[in-house]
Engineer: 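Please read through the structure below; I'll follow up with questions.
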Amino acid sequence: MNNRTMEIGVGLFVALGIAALFMLAMQVSNMSNIGRGESYVITAAFENIGGLKVRAPVTVSGVRVGRVDAIDYDTRAYEAVVSLRIDSSYDTFPEDTSASIFTAGLLGEQYIALEPGGAVQNLKPGDRIQLTQSALVMEQVIGQFLYSSAARDVPVAAADEPAPAGP
């Protein structure tokens, strides 16, 4: 094999490696599906969104149907308002659909799961999901567990009992 053929082979190998790294980066960053097809936006208000990020998946029964488009704060209701961009092929969600924020795995990314209701009327573009469940924040759960454990271990003195006499 001459030197020129070897250089072309190495160049092609490096170009394929760069293309593979680019594809991997697009998959990891959730940017691979941006701008595909028609979509519509609905909103949902949450008391606490935890670590939810823009471009987080929106799923129904584990199937990705959209992405988080924007996150804003409502200063009147003191809630986070999340805009959900839903693929237009999924346009039959009932009006009483609920939205919950979950975490993928123990330390995974957060996503929004939609649970369709049973209403006859469907959500339209621009509508707001009324039934929401905020993110479960681990620090709050641990704090509540520790507080409830400590409260159980502290004996409560009865009001009728006299104070113990000193030595």
Engineer: If you look only at distance, which donor and acceptor atoms sit under 3.5 Å apart when one is on a side chain in residues 115-130 and the other is two or more places apart or in another chain?
Structural biologist:
from	atom 1	to	atom 2	distance (Å)
D127	OD2	K124	N	2.7
Q130	NE2	R128	O	3.3

Engineer: Mind checking whether L84 and L114 have side chains closer than 4.5 Å, heavy atoms only?
Structural biologist: yes

Engineer: Could you check whether R64 and T59, counting side-chain N and O atoms only, form a donor-acceptor pair closer than 3.5 Å?
Structural biologist: no

Engineer: Quick one: are S89 and E38 in side-chain contact, heavy atoms under 4.5 Å?
Structural biologist: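 No, too far: nothing below the 4.5 Å cut-off.
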
Engineer: Mind listing the closest non-hydrogen atom pair of D87 and Y40 along with its distance?
Structural biologist: O-CE2, 3.8 Å

Engineer: Who are the side-chain contact (heavy atoms from CB on, under 4.5 Å) partners of T103, not counting sequence neighbours?
Structural biologist: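 Residues passing side-chain contact (heavy atoms from CB on, under 4.5 Å) with T103: Q110.
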
Engineer: Atom OG in S83, atom CG in D72: separation rounded to 0.5 Å?
Structural biologist: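 Reported value, rounded in 0.5 Å steps: 6.0 Å.
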
Engineer: Do F46 and I112 touch side chain to side chain, with heavy atoms closer than 4.5 Å?
Structural biologist: yes

Engineer: Is it the case that the side chain of T132 and the backbone of A45 share a donor-acceptor pair, with hydrogens and angles ignored and the cut-off at 3.5 Å?
Structural biologist: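 Judged by distance alone, yes, a pair lies under 3.5 Å.
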
Engineer: For the residue pair S88 and D91, confirm or rule out a side-chain donor-acceptor distance under 3.5 Å.
Structural biologist: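 Their side chains do not contain a donor-acceptor pair, so the 3.5 Å distance test is not met.
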
Engineer: So which of V82, I86, D69 actually passes side-chain contact (heavy atoms from CB on, under 4.5 Å) with I42?
Structural biologist: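 It is I86, the one option of V82, I86, D69 that forms the side-chain contact (heavy atoms from CB on, under 4.5 Å) with I42.
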
Engineer: In residues 6-18, what donor-acceptor pairs under 3.5 Å come from side-chain atoms, sequence neighbours left out?
Structural biologist:
none

Engineer: Any side-chain heavy atom of V68 sitting closer than 4.5 Å to one from Y111?
Structural biologist: no

Engineer: Quick one: hydrophobic cluster around L146, which other residues, with the 4.5 Å side-chain cut-off, linked directly or via members?
Structural biologist: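 Under the 4.5 Å side-chain rule, L146 groups with I142, F145.
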
Engineer: Identify the two heavy atoms, one from I101 and one from A135, that lie closest to each other, and give their separation to 0.1 Å.
Structural biologist: CG2-CB, 3.7 Å

Engineer: Taking only residues two or more places apart in sequence, or in another chain, which ones meet V54 in a side-chain contact (heavy atoms from CB on, under 4.5 Å)?
Structural biologist: I71

Engineer: I want to check something: taking the side chain as every heavy atom from C-beta on, are S98 and Q133 in contact at a cut-off of under 4.5 Å?
Structural biologist: no

Engineer: Just jot down the side-chain contact (heavy atoms from CB on, under 4.5 Å) partners of Y73, sequence neighbours excluded, or say none.
Structural biologist: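 So Y73 forms a side-chain contact (heavy atoms from CB on, under 4.5 Å) with T75, Y78.
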
